[in-house]
Amino acid sequence: MDLVIRGVRVVDGGGGPSYTADVGVHEGRITAVGRIRSGGRTTLDGHGLALAPGFTDMHAHSDLALLRDPDHSAKAAQGVTLEVLGQDGLSYAPVDDRTLAEVRTAIAGWHGDGSDLAMDWRTVGEYLDRLDHGFGGAGIAVNAAYLVPQGTVRAYVLGWTDRPPTAPELDRMRALVAQGLAEGAYGMSSGLTYTPGMYADGAELAELCRVVADHGGYYCPHHRSYGRGALAAYDEMIALAREAGCALHLAHATLNFAENAGRAGELLARLDAALAAGVDVTLDTYPYTPGCTTLAALLPSWAHEGGPEALLARLRDGATAERIRYALEVAGSDGCHGVPVDWSSVEVSGVVDPALAGWVGRRLQGWAGARELLLADRLGPTVLQHVGHEDNVRAIMRHPVHTGGSDGILQGARPHPRAYGTFPHYLGHYVRELGVLTLEECVAHLAGRPAARLGLADRGLVREGYRADLVLFDPATVAAGADFAAPRRPPTGIPYVLVDGRFVIRDGRRTDVLAGRALRRGRG
């Protein structure tokens, strides 16, 4: 055997009781779980540690970070061995030259503008190939799966226009989604408070979801509201999944803003009713109350029509900028979930232009400053919105179909700490300190259930024959180092992480191993 781990507490990802065992690894797979009498080329003393399947970040924004940063300790150090990319309906494949340029500008706040990378792919398959080759053909830090982004598909076919597709345009979108799924995507995402994805009505989305269902994938929507109308937005997605016969995974499923304080039970009742009716539904959340997005995303959808350059032109025009202000501050913008924006809750977390770094950490005090910053940084700023409710967070994470997702934006001088702390924060704060979940339940939420949603037959559990994507941590000390004051501080209590049987974290330090690859649906 390549590796034998002695006397470790196995938390196997299935939710059952943990137990003490030896675990053997050879050629990237778990080859023995129990009493192992022979040694391995490497023997590791696991006493005092827990061993679990590597965690899956069901909602990651590392689409370019995996290609830009071979270290990628932001996720590897948390025990994450698989990230699901292509989220919120906007990512970098499938595209043509025009669409790629527009998307790069639109989501520069999430990923940077990409000018430091040779973005020479155009299809989903080509993007996955690029991930496979990673850095000098050696691979990437952790594994990655991909969702076809519905907003990008719509931009490709219709541009950034708010109108229904013609029949040929709908056929073209269906074909692009089908091609992406055939090339290995696990499903389709939407960002229904982001343009141009939000321009799609239910009938259009249902047609695309039928394609997803035909290929055995799942639909992952950031639905139309997490504020005013949030429960109706959840109802729409559940009804859509039922109509299309498509599996549904609700992205960062929470209830925010004053309107939704204490209403998690109403959402969970809807989930239970859907499950009882046979709808295949799961969800993910991050264990924090503030949200994070781009500042431009708060603006009304009509202001984005025509794409990023058209939005910038509207911001420059005084009369149009005043219409935008009214939508934000008085009417309640659809980009801000139908709730009039409280600027004191909006904190700048990052900018693209280093010359604007002085804005970072400041709460926006009004539209004038927000407009100035949007123009100066060409739509690049990211913001934290302090609008969540702790009781909702705790209630939702207890649900049996819950999984963990960081929604982690790695850009910016002061990113949300969820990007660097989600998984140890679950284990340290919500398991050890608060007892919201047992350790066994939590590992099932972070490993076993995500693998089941993705249909991964040999990942997510500690079983003989399964891939040796593993994390060893100390249940007594594991904790997120990241907080809002120091959002990139590394976690504690996670000394070892293996991807494909190789140490990417060893003795608490990142090695130079690049064992990650792009996973492709239906291809093992």
Side-chain angles (χ1 to χ4, degrees), residues 59 86-90 106-107 147-155 158 160-165 173 187-209 212 218-244 246-260 263-264 266-268 270-271 274 279 281-285 291-294 296-305 324 327-328 331-341 385 387-388 392 396 405 407:
H59 193 102
Q87 299 286 351
D88 294 327
L90 288 167
I107 55 175
L147 303 174
V148 179
Q150 170 259 330
T152 298
V153 168
R154 199 176 207 274
L158 279 78
W160 299 65
T161 59
D162 184 3
R163 64 170 176 81
M173 285 193 287
M188 181 181 75
S189 75
S190 283
L192 299 179
T193 65
Y194 301 129
T195 55
M198 69 158 64
Y199 297 145
D201 63 15
E204 179 182 327
L205 294 172
E207 287 299 313
L208 300 181
C209 282
V212 175
Y218 69 92
Y219 180 45
C220 180
H222 164 134
H223 50 275
R224 297 192 193 274
S225 176
Y226 291 81
R228 184 179 296 164
L231 292 170
Y234 282 113
D235 288 339
E236 180 194 9
M237 295 298 99
I238 291 169
L240 173 63
R242 183 183 291 114
E243 177 187 352
C246 186
L248 176 67
H249 181 84
L250 296 165
H252 38 61
T254 189
L255 291 160
N256 293 330
F257 301 93
E259 288 86 340
N260 292 311
R263 301 188 72 183
E266 296 175 59
L267 168 60
L268 300 180
R270 285 163 162 79
L271 287 179
V279 179
V281 57
T282 53
L283 56 85
D284 65 70
T285 69
C292 181
T293 189
T294 62
L298 305 184
L299 275 54
S301 57
W302 59 259
H304 293 263
E305 189 169 4
I324 294 172
L328 281 166
S333 163
D334 51 1
C336 195
H337 309 277
V339 179
V341 67
Q385 274 190 288
V387 293
N392 287 345
I396 293 167
D407 194 16

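Since the model is a prediction, treat every value here as computed from it, not as a measurement. Only this structure's heavy atoms are used, side chains among them; waters, hydrogens and symmetry mates stay out.
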Discussion item. Please find the pair of heavy atoms, one from V281 and one from A274, that lie closest to each other, and give the distance.
Written reply: CG1-CB, 4.4 Å

Practice prompt. Go through the steps for D284 and H252 under the test side-chain hydrogen bond (donor to acceptor under 3.5 Å, both in side chains), then give the verdict.
Written response: CA-CA 5 Å; D284 65 70; H252 38 61; 5.9 Å; no

Discussion item. Just to verify, what does D162 make a salt bridge (Lys or Arg N to Asp or Glu O under 4.0 Å) with, not counting sequence neighbours?
Written reply: none

Discussion item. Using the side-chain hydrogen bond (donor to acceptor under 3.5 Å, both in side chains) criterion, which residues pair with T285? Sequence neighbours excluded.
Written reply: H402, Y426

Worksheet item: What pairs with E207 under side-chain hydrogen bond (donor to acceptor under 3.5 Å, both in side chains), at least two apart in sequence or on another chain?
Response: R174, R210

Discussion item. Whether the Y194 and S301 side chains hold a donor-acceptor pair (N or O, under 3.5 Å, no angle test) is what I'd like checked.
Written reply: no

Discussion item. Run the salt bridge (Lys or Arg N to Asp or Glu O under 4.0 Å) test against R263 and tell me which residues pass, sequence neighbours left out.
Written reply: E266

Worksheet item: Can you name the nearest heavy-atom pair linking I396 to A264, along with the distance?
Response: CG1-CB, 4.1 Å

Discussion item. What I want to check is whether the side chains of T193 and H222 have a donor and an acceptor closer together than 3.5 Å.
Written reply: yes

Worksheet item: Can you tell me how far the CG atom of L192 sits from the OG atom of S225, to the nearest 0.5 Å?
Response: 11.0 Å

Fill in: Check: S189 side chain, G89 main-chain N or O, donor-acceptor pair, under 3.5 Å
yes

Worksheet entry | Test item: T161 side-chain N/O and R163 main-chain N/O as donor-acceptor pair under 3.5 Å | no

Discussion item. Restricting to non-hydrogen atoms, name the atom on R224 and the atom on G202 that form the minimum distance, rounded to 0.1 Å.
Written reply: NH2-N, 4.1 Å

Worksheet item: Do L147 and Y219 come close enough that some side-chain heavy atom pair is under 4.5 Å?
Response: no

Discussion item. Show the nearest heavy-atom pair for residues G86 and P149, with the distance to one decimal.
Written reply: O-CB, 4.1 Å

Worksheet item: So do E236 and P221 actually touch side chain to side chain, heavy atoms under 4.5 Å?
Response: no

Fill in: N260 CG to T254 OG1 distance, which is reported to the nearest 0.5 Å
8.5 Å

Worksheet item: Does the pair L158 and Y199 meet the rule for a side chain to side chain contact (heavy atoms under 4.5 Å, CB included), with working shown?
Response: CA-CA 10 Å; L158 279 78; Y199 297 145; over 6 Å; no

Worksheet entry | Euclidean distance, L283 CG relative to L267 CG, rounded to 0.5 Å | 7.0 Å

Worksheet item: Of all residues at least two apart in sequence or in a different chain, which pass the salt bridge (Lys or Arg N to Asp or Glu O under 4.0 Å) check with D88?
Response: none

Fill in: Partner set under side-chain contact (heavy atoms from CB on, under 4.5 Å) for A200, not counting sequence neighbours
Q150, R154, E204, L205

Worksheet, complete the sentence: Sorted by chain and number, sequence neighbours left out, side-chain hydrogen bond (donor to acceptor under 3.5 Å, both in side chains) with N392 holds for none

Worksheet entry | Residues in side-chain contact (heavy atoms from CB on, under 4.5 Å) contact with A327, at least two apart in sequence or another chain | P300

Discussion item. Tell me whether S333 contacts the main-chain N or O of G335 through its side chain, where contact means a donor paired with an acceptor under 3.5 Å.
Written reply: yes

Worksheet entry | Contacts of type ring pair (Phe, Tyr, Trp, His ring centres under 6.0 Å), residue H337, not counting sequence neighbours | Y226, F257

Worksheet item: With sequence neighbours left out, what residues match E259 under salt bridge (Lys or Arg N to Asp or Glu O under 4.0 Å)?
Response: R228

Worksheet item: In Å and rounded to the nearest 0.5 Å, what is the OG to CG distance from S190 to L208?
Response: 7.5 Å

Worksheet, complete the sentence: G388 and N256 have their tightest heavy-atom pair at CA-OD1, 3.4 Å

Worksheet item: With sequence neighbours left out, what residues match Y218 under side-chain hydrogen bond (donor to acceptor under 3.5 Å, both in side chains)?
Response: none

Worksheet item: Hey, mind stepping through T282 and L248 against side chain to side chain contact (heavy atoms under 4.5 Å, CB included) and telling me if it holds?
Response: CA-CA 6 Å; T282 53; L248 176 67; over 6 Å; no

Worksheet entry | Minimal non-hydrogen separation, A206 against A244, with atom names | O-CB, 3.9 Å

Discussion item. Using side-chain heavy atoms (C-beta onward) and a distance below 4.5 Å, is E305 in contact with T195?
Written reply: no

Fill in: Close side-chain approach of C292 and Q385, heavy atoms under 4.5 Å
no

Worksheet, complete the sentence: Y234 meets the ring pair (Phe, Tyr, Trp, His ring centres under 6.0 Å) criterion, sequence neighbours left out, with H223

Worksheet item: Any side-chain heavy-atom pair from P165 and M173 closer than 4.5 angstrom?
Response: yes

Worksheet entry | Working for side chain to side chain contact (heavy atoms under 4.5 Å, CB included), residues V212 and V148 | CA-CA 10 Å; V212 175; V148 179; over 6 Å; no

